[in-house]
Amino acid sequence: MDIYFFLGKGGTGKTTISASFSVGLSHYNKDSNFLIASLDPAHNLGDAFNIELSNKIKKLTENLSAIEVDLEKMIKEYLNDLSTNLKYTYKYLTSFNLDKYFDVLRYSPGIEENAVLESIKKFLKMNEFDALIFDTPPTGITTRVLALPKLTLIWTKRLMDIRRKILDRRKMIENVKGKTEAIIGDEVITLTADEKEDQIMIELANYSKEMEDLMKLFQSDLTKINIVTMPEDLALFETKRIIESLNKFNIKTNKIYLNKYLIFDNPPEVIKGKIIEQDRVIEKMREEIKNISIKDIPLLSQSPRGIEDLLKFYDNYILE
Ligand SMILES: Nc1ncnc2c1ncn2[C@@H]1O[C@H](COP(=O)(O)OP(=O)(O)OP(=O)(O)O)[C@@H](O)[C@H]1O
Ligand SMILES: [Mg+2]
């Protein structure tokens, strides 16, 4: 399964270009099935398609579907699953008031990133689509989402080391006193010292495997990271930052869409400065970013909206 991400600064054209890309790709690959998903909490994918979208997958054409992911709902579901799971795993820790922690967790840093990653995982598991196209939230969140599997892996490995130490201690006690038991109400639970039977260790190992697979997927050629940018200084700085921060996690940038460049034979006085900045930025971008292909897309007099417009946009500016 190919995965395409479109990321970049606000307003550069992520939604327009990802929507147009999905329309073009599905139009010229009728044998394959495509899904475009907006992961941006401030959705505007439906506006680009001129169709009302929701948190339910909607078929737009024979082989293209779209969804605007409800991230608030994802966060709630994620916390609920986590809470159920933890309550079950730690049922012998009755003095631990988990609900209190979950109320706080909703507002913890990283929770949005986790919800976005959970959402990506859900689509990957569906096995219904040959390619996924993601219109993403502002850069900061997306680069952190892409880095999350590797970061989580470091944490999980550390947690597994700690758990291993706990189980070793338990084993020592077991050797002296026999199996450790916990009594909850009428139930007597025997606590294991065996890694292969310990529910927490099993959970950590599964999670670790899942994160490792995701990390490898994001680092592989199946994941295509496309940056959408504009010919302005700030957008160029941001583009370089995205490339560098993804590089740190061994994630390659596939392509840069340099959108909304201005074409004028005789630019009016008020816009002359902008054109000079634009030409300078384009030159600098080509000079400083050598190994990534840059595709120029001009600013059109009208915003492309609806499937027909988006296909035309694809044919004219995105198709190689
Ligand atoms: N090449 C273009 N020519 C003309 N209009 C464009 C072009 N690209 C994008 N637009 C318009 O610019 C506006 C912003 O584009 P878009 O919504 O795709 O950006 P975005 O990066 O998704 O923004 P946000 O960060 O707010 O989600 C939209 O009105 C869109 O129709
Ligand atoms: Mg958008």
Side-chain angles (χ1 to χ4, degrees), residues 4-25 35-55 60 64 66-72 112-113 116 119-120 132-146 224-239 241-243 253-264 267 271 274-275 277-279 281-282 285 294-320:
Y4 299 87
F5 285 94
F6 288 83
L7 53 143
K9 239 169 102 60
T12 48
K14 297 178 292 294
T15 302
T16 307
I17 292 178
S18 57
S20 162
F21 185 83
S22 72
V23 169
L25 209 60
L35 175 76
I36 177 160
S38 164
L39 301 171
D40 189 345
H43 296 293
N44 61 350
L45 189 61
D47 298 337
F49 280 112
N50 236 340
I51 290 169
E52 197 166 325
L53 293 176
S54 73
N55 194 37
L60 303 183
L64 174 64
I67 181 171
E68 288 181 341
V69 176
D70 184 343
L71 284 176
E72 273 304 318
E112 260 92 13
E113 286 84 345
V116 173
S119 179
I120 295 172
L132 300 173
I133 297 130
F134 291 112
D135 177 18
T136 69
T139 310
I141 291 190
T142 314
T143 46
R144 283 196 300 272
V145 169
L146 292 165
K224 292 168 181 76
I225 311 280
N226 302 300
I227 301 176
V228 181
T229 188
M230 293 194 299
E232 289 177 356
D233 278 318
L234 296 191
L236 170 64
F237 300 150
E238 173 112 347
T239 303
R241 270 198 300 270
I242 299 174
I243 297 171
T253 302
N254 175 57
K255 188 167 283 191
I256 296 171
Y257 291 97
L258 184 58
N259 191 23
K260 297 190 182 180
Y261 74 84
L262 305 162
I263 312 175
F264 275 106
I271 215 113
K274 230 28 210 163
I275 304 253
E277 176 183 351
Q278 160 180 298
D279 293 345
V281 171
I282 293 179
M285 199 172 279
I294 303 173
K295 184 100 182 145
D296 299 342
I297 303 174
L299 178 75
L300 307 178
S301 54
Q302 250 192 335
S303 294
R305 288 188 67 195
I307 291 191
E308 210 174 299
D309 271 12
L310 292 169
L311 182 59
K312 230 181 271 165
F313 190 88
Y314 179 86
D315 285 339
N316 288 336
Y317 307 111
I318 296 182
L319 186 67
E320 299 290 331

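All residue numbers in this chain count up from 1 along the given sequence. Read the numbers this way: they start at 1 and go in the same order the structure lists the ligands and their atoms. The analysis underlying the following values was restricted to heavy atoms, covering all of them including side chains, and did not include hydrogens, waters or symmetry mates.
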Exercise. Mind checking whether Asp40 contacts ligand 1 via backbone (N, CA, C, O), side chain (CB onward), both or neither, at a 4.0 Å heavy-atom cut-off?
Key: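 Contact part for Asp40 vs ligand 1: side chain (C-beta onward).
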Quiz item: Under a 4.0 Å heavy-atom limit, does Asp135 contact ligand 1 with its side chain, its backbone, both, or neither?
Solution: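 Neither part.
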Exercise. Pick whichever of Ser303, Gly8, Pro137 has a heavy atom sitting closest to atom 11 (C) of ligand 1.
Key: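 Going through Ser303, Gly8, Pro137 one by one, Ser303 has the nearest heavy atom to atom 11 (C) of ligand 1.
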Exercise. Going by heavy-atom distance to atom 23 (O) of ligand 1, choose the closest among Ser20, Gly11, Ala42.
Key: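 When every heavy atom of Ser20, Gly11, Ala42 is considered, Gly11 comes closest to atom 23 (O) of ligand 1.
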Quiz item: Quick one: OG on Ser38 to CG on Asn44, what's the gap to the nearest 0.5 Å?
Solution: 7.0 Å
Quiz prompt | Gap separating the CG atom of Asp296 from the CD1 atom of Ile282, nearest 0.5 angstrom | solution =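 One gets 5.5 Å once the value is rounded to the nearest 0.5 Å.
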[atom] - nearest protein heavy atom and its distance:
{"atom": "atom 17 (O) of ligand 1", "value": "Asn44 ND2, 3.0 Å"}
{"atom": "atom 10 (N) of ligand 1", "value": "Lys260 CE, 3.6 Å"}
{"atom": "atom 30 (C) of ligand 1", "value": "Thr16 OG1, 3.5 Å"}
{"atom": "atom 20 (P) of ligand 1", "value": "Lys14 N, 3.5 Å"}
{"atom": "atom 22 (O) of ligand 1", "value": "Thr15 OG1, 2.7 Å"}
{"atom": "atom 3 (N) of ligand 1", "value": "Leu300 N, 2.9 Å"}
{"atom": "atom 19 (O) of ligand 1", "value": "Gly13 N, 3.0 Å"}
{"atom": "atom 8 (N) of ligand 1", "value": "Asn259 ND2, 2.9 Å"}

Indicate yes or no: at least one non-hydrogen side-chain atom of [X] is less than 4.5 angstrom from one of [Y].
{"X": "Ser22", "Y": "Phe49", "answer": "yes"}
{"X": "Ile67", "Y": "Leu53", "answer": "no"}
{"X": "Asp47", "Y": "Arg305", "answer": "yes"}
{"X": "Glu112", "Y": "Leu71", "answer": "no"}
{"X": "Phe313", "Y": "Ile297", "answer": "yes"}
{"X": "Ile243", "Y": "Ile256", "answer": "yes"}

Quiz prompt | Lys9 bridged to Glu238 by N-O distance under 4.0 Å | solution =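 No.
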Quiz item: Would you say the side chains of Thr15 and Asp135 form a donor-acceptor pair under 3.5 Å?
Solution: yes
Practice problem: Say whether Ala48 and ligand 1 are in contact under the criterion: heavy-atom distance to a ligand atom below 4.0 Å. | Solution: no
Quiz item: With only distance considered, is Phe313 within less than 3.5 Å of ligand 1 through an N or O on each side?
Solution: no
Practice problem: Under 4.0 Å from a heavy atom of Gly10: give me the atoms of ligand 1 that qualify, with their elements. | Solution: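 This gives 25 (O) as the contact atoms.
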Quiz prompt | Proximal ligand 1 atoms for Leu299, defined as those under 4.0 Å from one of its heavy atoms | solution = 3 (N), 4 (C)
Quiz item: Are Lys224 and Tyr4 in a cation-pi setup, meaning NZ or CZ lies under 6.0 angstrom from the ring centre and within 45 degrees of the ring axis?
Solution: yes
Quiz item: Under 2.8 Å from the Mg ion (ligand 2), is there an N/O/S atom belonging to Ser38?
Solution: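 No N, O or S atom of Ser38 is closer than 2.8 Å to the Mg ion (ligand 2), so no.
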